[in-house]
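Note sheet for the following structure.
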Amino acid sequence: QTALMIAQENGKTQIVQLLSNMSSIQQLRGQGEMEKLEREKQQQKEREQQRLINMAVEVERQKNKVVINQKSDQINQLQQEIFDIRQEMLYFQTELSNENRKVLNLTN
């Protein structure tokens with residue numbers, strides 16, 4: 001009978017140990033799930049930050065394009081003005097040459 005009681009006690013101890021182990025396994029699983037969720041949340045946060053950075057970079061790129069186009073238009077306008085002034089200078093040089101010729105003709 002003592003052997004039976006010892007075996008029962010050992011069985012009870014083993015059952016308690018098994019239940020304790022199962023509880024520990026469940027806690028570890030829960031921790032693993034929480035860590036997994038935290039990693040996923042962190043990755044999502046990082047992806048969102050990268051998306052915002054990419055959007056900001058694209059906005060800056062578009063702004064720069066607009067500025068470049070405006071400057072390009074200004075340069076083209078100035079080049080046209082320079083061309084017009086040169087044309088005017090040529091006209092006046094021609095006129096001046098004609099007037100000089102008239103004066104020379106008159107003095108001869």
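Note that the structure is a prediction, hence the values are computed from the model and not measured.
- A side-chain donor from one of D84 and Q80 sits under 3.5 Å from a side-chain acceptor of the other.
- Atoms CE and NZ, from M5 and K12 in turn, are 8.5 Å apart once rounded to the nearest 0.5 Å.
- The distance from the OG atom of S20 to the CD1 atom of I15 is 13.5 Å, given to the nearest 0.5 Å.
- With rounding to the nearest 0.5 Å, the separation of CG in L96 from CE in M89 is 12.0 Å.
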Q: Give the intermediate values and the outcome of side chain to side chain contact (heavy atoms under 4.5 Å, CB included) for residues R61 and N64.
A: CA-CA 5 Å; R61 193 175 290 138; N64 289 341; 5.7 Å; no
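- For the atom pair K45 NZ and E38 CD, the distance stands at 10.0 Å (nearest 0.5 Å).
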Q: List the steps, then state whether side chain to side chain donor-acceptor pair (under 3.5 Å) holds for Q44 with R47.
A: CA-CA 5 Å; Q44 179 63 31; R47 283 192 298 270; 2.8 Å; yes
Q.
side chain to side chain donor-acceptor pair (under 3.5 Å), that's the test. Do E46 and Q42 meet it? Break it down for me.
A. CA-CA 6 Å; E46 288 168 2; Q42 183 62 30; 3.2 Å; yes
Q.
I'd like to know whether K36 forms a salt bridge (charged side-chain N to carboxylate O under 4.0 Å, His left out) with E33, so could you lay out the CA-CA distance, the side-chain angles of the two residues, the decisive distance to 0.1 Å, and finally the verdict.
A. CA-CA 5 Å; K36 183 179 174 185; E33 286 298 314; 5.1 Å; no
Q: Report the C-alpha separation of N21 and Q17 in whole Å, then their side-chain angles, then the decisive distance to 0.1 Å, and conclude whether the side chain to side chain donor-acceptor pair (under 3.5 Å) test is met.
A: CA-CA 6 Å; N21 288 347; Q17 187 63 42; 3.3 Å; yes
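- With K63 as the fixed residue, the side chain to side chain contact (heavy atoms under 4.5 Å, CB included) test singles out one of V67, V66, V59: V59.
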Q) What's the verdict on side chain to side chain contact (heavy atoms under 4.5 Å, CB included) for Q77 and D73, showing C-alpha distance, side-chain angles and the deciding distance? A) CA-CA 6 Å; Q77 184 179 354; D73 289 346; over 6 Å; no
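- For the pair S23 (side chain) and L19 (backbone), a donor-acceptor distance under 3.5 Å is absent.
- If you check the side chains of E58 and N54, you find no donor sitting under 3.5 Å from an acceptor.
- Residue I82 holds its CD1 atom at 10.5 Å from CD1 of I75, rounded to the nearest 0.5 Å.
- Rounded to the nearest 0.5 Å, atoms CD (Q79) and CD (Q74) are 12.0 Å apart.
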**Q.** Residue pair R86, L90: steps toward the side chain to side chain contact (heavy atoms under 4.5 Å, CB included) verdict
**A.** CA-CA 6 Å; R86 284 186 176 152; L90 281 173; 5.7 Å; no
